[in-house]
Protein chains: 2
Amino acid sequence: MKRNTWQREAVRGALDANDGFVSAQALHSALHATGSPIGLATVYRALADLAVKGDADSLQSPEGESLYRACSTNDHHHHLICRNCGLTVEIEADAVETWAKDVAAKNGFTAAAHVVDVFGLCAACTVTATSQAAAAAST
Amino acid sequence: MKRNTWQREAVRGALDANDGFVSAQALHSALHATGSPIGLATVYRALADLAVKGDADSLQSPEGESLYRACSTNDHHHHLICRNCGLTVEIEADAVETWAKDVAAKNGFTAAAHVVDVFGLCAACTVTATSQAAAAAST
DNA sequence: GTGTTTCTTGAGAAGTGTTCTCGATCACGT
DNA sequence: ACGTGATCGAGAACACTTCTCAAGAAACAC
């Protein structure tokens with residue numbers, strides 16, 4: 001039996017309120033900032049549950065943290081992530097799906113899963129970064 | 001100035017001797033097993049150096065460990081990894097490169113990098129897994 | 001509403017992987 | 001051979017995650 005607790009709702013809400021991927025720690029801080037006395041362990045548990053149920057997507061940041069995000073769809077899909085502001089766009093990648101299966105099969109691999117994520121700078125951050133670079137260059 | 005020390009050579013050698021991705025910890029244990037009194041910190045430093053120089057490839061395992069592998073080419077490429085035995089096949093993915101750039105551009109993203117790795121079971125491990133499953137089913 | 005059951009929570013301890021610190025060591029240029 | 005300073009190693013420090021367990025609170029039966 002799964003019980004409904006305000007803690008679980010709070011985590012889900014905080015995740016929904018966020019556009020990009022957030023770390024468990026960040027989510028915990030955010031919840032505390034809003035006055036929730038929720039525990040860190042509980043945040044981890046809730047996130048793990050959401051990920052298992054398919055209500056959230058998780059990935060490993062290059063720094064080794066686990067990042068989570070509320071997903072608009074339960075279907076298999078990939079992400080385009082701004083490495084500066086965390087903005088995330090869900091992308092479909094039929095071509096890549098096919099390619100991955102193909103490559104695996106060609107090499108005798110079965111049960112193929114794949115990790116496909118694209119990191120970059122979103123339009124807004126590109127502008128910021130460019131002007132900052134210019135400022136730095138002129139210093 | 002970069003010095004040549006036997007420790008660095010040992011790490012590189014151990015990496016070369018390995019077919020698939022290995023964790024820093026595993027590499028350290030392996031080196032100790034051969035009698036090298038090399039320190040763990042040194043292994044981490046050497047691996048980071050190799051990765052920066054492009055002599056080694058690194059990726060995050062699903063468990064959050066950093067895995068390293070000596071690469072036969074410095075060119076950008078991807079991997080097909082057996083999740084059971086660690087066997088790794090280097091794969092080219094021009095199609096994916098193009099797709100990634102394309103998707104990024106379409107969404108206004110710049111400086112796009114991507115993470116593309118395929119995990120599966122290699123032919124040998126598929127056989128083992130299948131027979132094991134059969135054995136389990138008959139129990 | 002009351003009582004019972006048992007799932008969930010939260011604080012902190014524990015665990016794991018990685019990085020940092022700092023005195024000792026040793027490779028390299030002269 | 002010598003001096004310099006990059007590199008080493010052991011362990012401490014650190015960050016993130018998971019585990020432990022007593023206390024709290026949903027859900028259910030009555």
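To find a chain, count down the sequence lines: A is the first, B the second, and so on, and within it residues start at 1.
Checked against a 6.0 Å centroid threshold, the rings of A:His78 and B:His114 do not count as neighbours. Checked against the 6.0 Å centroid threshold, B:His28 and B:Tyr44 do not count as a close aromatic pair.
Whole-Å rounding puts the A:Glu65 CD to D:dC14 P distance at 17 Å. For the pair A:Leu67 CG and D:dA15 P, the computed distance is 17 Å after rounding to whole Å.
Residues from residues 7-18 of chain B that place a heavy atom under 4.0 Å from any atom of DNA chain D, listed by number: B:Gln7, B:Arg8. Within residues 35-52 of chain B, the residues approached by DNA chain D to less than 4.0 Å at the level of any non-hydrogen atom are B:Pro37, B:Ile38, B:Gly39, B:Ala41, B:Thr42, B:Arg45, in residue-number order.
Of the listed nucleotides (C:dT18, D:dT17, C:dC28), C:dC28 has the atom at the smallest distance from the side chain of B:Arg3.
Between the side chain of A:Asp55 and the main chain of A:Leu50, no donor-acceptor pair closer than 3.5 Å is present. With A:Ser29 contributing its side chain and A:Gln25 its backbone, the two residues share a donor-acceptor pair below 3.5 Å.
Residue A:Thr5 has a polar side-chain atom (N or O) positioned under 4.0 Å from OP1 or OP2 of C:dT9. Phosphate contact (OP1/OP2 of C:dG17, side-chain N/O of B:Ser23, threshold under 4.0 Å): absent.
The residue among A:Gln25 and A:Asn4 whose nearest nucleotide of DNA chain D is located toward the 5' end is A:Gln25.
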